[in-house]
Amino acid sequence: MEVKGLKKYFPNRKGFFNKIVSFNRGVNGVDFTIKKGESVGLVGESGSGKTTLGRCIVRLYEPTEGSVEFNINGQMIDLTKVPKKEMKSIRKHFQMLFQDVYSSLDSRMKVVDIVTEPMAIHKIGNQKERIDRAKELMERVGLSANDIRKYPHQFSGGQRQRIGITRALSINPDFIVCDEPVSALDVAIQAQVLNLLCKLQDELDLTYLFISHDLAVIQHVCDEIAVMYLGTIVEKTNRRQLFNEPRHPYTKALLSAVLQNQESKRTERIRLEGDIPNPINKPTGCRFHTRCRYAEDVCRSVEPELTEKYPGHWEACHFETA
């Protein structure tokens, strides 16, 4: 998958005539690539635009601008240009895991109906074959096939997320957007679900976009990592480089929240003052300058571009802060 210049603006309306007065720039020009079989992590504070970006990629939100080119059977197809009527046949190639899994599961439907519904929509198999596959997938994710007639409220949080994974796998997708799938679970269950996702990736050759604010989760799962701030990517590189040699001041602040680094030595705690600025009125120049300890005059007037400062290491900063 190749994402180029992706933007998503939400209009703000006012008055009797519902006139557009401003735009909430949820995603403001994002570029990155995901290779087949890789896990790419998207990390940042709440409000940085991670979930909006994930939903634009699978067209749960319609992008305002940009392209999302997805490889389907060896052919690159721009999902943003596919008519809505034709998206149904393409959607079977990608799925999404949601942060609030209980809300994403219809509480009035039994698990068997939840899991087989995508197969029925895409006309995969007959009813018996769909139920047999649902049972097989239930056991594959660590649940009992006998639980298939139960309702979502009869399961724990970790079990419900496994049901969500089962539903996502039911139509054999190539790509899954994982939108903070373990953030609502306790630590022990988080580890089980993450290990399950890694195991399924190896067995089924899946590709993940993994969205999280938890750096420990990202480090465990992802090959490449992109750091997002106020709608744009400010740093991206591989896992080893990001955790051993972070370069952008924002990335350093996020990593400093983890008390120990790779060599089990304490790192300097960098505290970010204030909150992420309002995306309706983003700061001029570098969008991080209002919270950056290194900010100078050029940062307040000129927005830095995301450039490859070192081989495979991209950064959007005017200065060398490593």
Side-chain angles (χ1 to χ4, degrees), residues 1 51-52 54-62 68 70 72-73 77 79 82-185 189 192-194 196-197 199-201 203-211:
M1 174 177 288
T51 295
T52 301
R55 292 185 175 219
C56 284
I57 286 174
V58 297
R59 273 188 67 179
L60 290 181
Y61 292 156
E62 290 294 331
V68 180
F70 189 70
I72 299 178
N73 300 323
I77 295 175
L79 299 181
V82 177
K84 286 187 177 181
K85 291 182 179 180
E86 297 177 20
M87 276 299 296
K88 179 181 175 181
S89 62
I90 293 177
R91 285 194 184 279
K92 65 183 178 182
H93 294 281
F94 47 83
Q95 288 289 291
M96 190 162 184
L97 297 179
F98 298 91
Q99 178 178 5
D100 187 355
V101 66
Y102 190 66
S103 297
S104 72
L105 302 176
D106 193 327
S107 60
R108 297 168 296 178
M109 294 174 67
K110 293 181 180 179
V111 171
V112 63
D113 300 317
I114 291 172
V115 175
T116 59
E117 184 179 39
M119 292 185 274
I121 290 172
H122 291 282
K123 298 179 173 58
I124 299 174
N126 55 39
Q127 186 175 10
K128 182 181 183 303
E129 290 170 340
R130 292 195 286 264
I131 292 174
D132 288 342
R133 174 156 176 78
K135 290 179 178 179
E136 174 197 340
L137 289 172
M138 287 281 283
E139 293 180 347
R140 190 163 198 168
V141 301
L143 297 173
S144 171
N146 296 327
D147 292 336
I148 205 165
R149 298 293 175 182
K150 292 182 179 179
Y151 289 91
H153 73 270
Q154 295 176 276
F155 296 88
S156 66
Q159 289 173 327
R160 284 196 288 266
Q161 191 57 274
R162 290 172 189 263
I163 294 170
I165 295 171
T166 303
R167 177 178 60 184
L169 295 176
S170 65
I171 54 176
N172 293 315
D174 302 310
F175 174 67
I176 299 179
V177 175
C178 305
D179 184 13
E180 305 208 36
V182 297
S183 63
L185 309 177
I189 304 302
Q192 294 176 14
V193 173
L194 290 175
L196 173 63
L197 288 170
K199 178 184 175 184
L200 291 170
Q201 182 178 33
E203 293 176 350
L204 304 175
D205 196 24
L206 296 171
T207 304
Y208 293 146
L209 174 63
F210 206 98
I211 298 169

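Start at 1 with the first residue, then count along the sequence.
Residues satisfying the salt bridge (Lys or Arg N to Asp or Glu O under 4.0 Å) criterion with Arg59, sequence neighbours excluded, are Glu62. In terms of the ring pair (Phe, Tyr, Trp, His ring centres under 6.0 Å) criterion, residue partners of Tyr61 (sequence neighbours excluded) are, by chain and number, Phe10. Every side chain to side chain contact (heavy atoms under 4.5 Å, CB included) that Ile124 has, sequence neighbours left out, goes to Met119, His122, Ile171. Contacts of Thr51 classified as side-chain hydrogen bond (donor to acceptor under 3.5 Å, both in side chains), with partners at least two apart in sequence or in another chain: Asp179. For the side-chain hydrogen bond (donor to acceptor under 3.5 Å, both in side chains) test, residues two or more places apart in sequence or in another chain that qualify with Asp100 are Ser103. Partners of Ser183 by side chain to side chain contact (heavy atoms under 4.5 Å, CB included), not counting sequence neighbours, listed by chain and number: Gln99, Glu180, His213. For Phe94, the ring pair (Phe, Tyr, Trp, His ring centres under 6.0 Å) partners two or more places apart in sequence, or in a different chain, are Phe70. Among residues two or more places apart in sequence or in another chain, the side-chain hydrogen bond (donor to acceptor under 3.5 Å, both in side chains) test is passed with Arg91 by none. By the side chain to side chain contact (heavy atoms under 4.5 Å, CB included) test, Lys85 pairs with no residue at all, sequence neighbours left out.
Here the straight-line distance linking atom CD1 of Ile148 with atom CG of Leu143 works out to 10.0 Å at 0.5 Å rounding. Here NE2 of His93 is found 4.5 Å from CD1 of Ile72. Values are rounded to the nearest 0.5 Å. The distance from atom OG1 of Thr166 to atom CD of Gln161, rounded to the nearest 0.5 Å, is 10.0 Å. Once rounded to the nearest 0.5 Å, the distance linking CD1 of Ile165 with CD of Gln95 reads 12.5 Å. Here Phe155 contributes atom CZ and Leu105 contributes atom CG; the two are 10.0 Å apart, rounded to the nearest 0.5 Å.
Each salt bridge (charged side-chain N to carboxylate O under 4.0 Å, His left out) pair with one or both residues in residues 111-131, not counting sequence neighbours, appears once here: Lys128-Asp132. Applying the side chain to side chain donor-acceptor pair (under 3.5 Å) test to every pair with at least one member in residues 148-157, sequence neighbours left out, gives these pairs: Asp147-Lys150, Ser156-Gln159. Sorted by first and then second residue, the salt bridge (charged side-chain N to carboxylate O under 4.0 Å, His left out) pairs involving residues 133-144 (not counting sequence neighbours) are Arg140-Glu203.
At least one side-chain heavy atom of Leu196 sits under 4.5 Å from a side-chain heavy atom of Arg162. For the pair Ser170 and Leu137, the minimum side-chain heavy-atom distance is below 4.5 Å. Side-chain atoms of Ser104 and Arg167, non-hydrogen and from C-beta on, do get closer than 4.5 Å to each other. Taking the side chain as every heavy atom from C-beta outward, Leu169 and Ile176 approach each other to under 4.5 Å.
Closest of all the heavy-atom pairs between Leu97 and Ala168 is CD2-CB, 3.9 Å. Taking all atoms of both residues into account, the shortest heavy-atom contact from Thr116 to Ala134 is CG2-CB, 4.0 Å. Pairing each heavy atom of Ile163 with each of Val111, the nearest pair is CD1-CG2, 3.8 Å. Residues Pro181 and Leu197 share a closest heavy-atom pair of CG-CD1, 4.5 Å. Contact detail for Gly54 and Ile211: the closest heavy-atom pair is CA-CD1, 4.1 Å. Heavy-atom minimum distance, Ile114 versus Pro152: CD1-CG, 3.7 Å.
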* Apply side chain to side chain contact (heavy atoms under 4.5 Å, CB included) to Leu60 and Met96, showing your working. => CA-CA 10 Å; Leu60 290 181; Met96 190 162 184; 3.6 Å; yes

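Panel note: side chain Gln201, backbone Leu206; a donor-acceptor pair is recorded below 3.5 Å.
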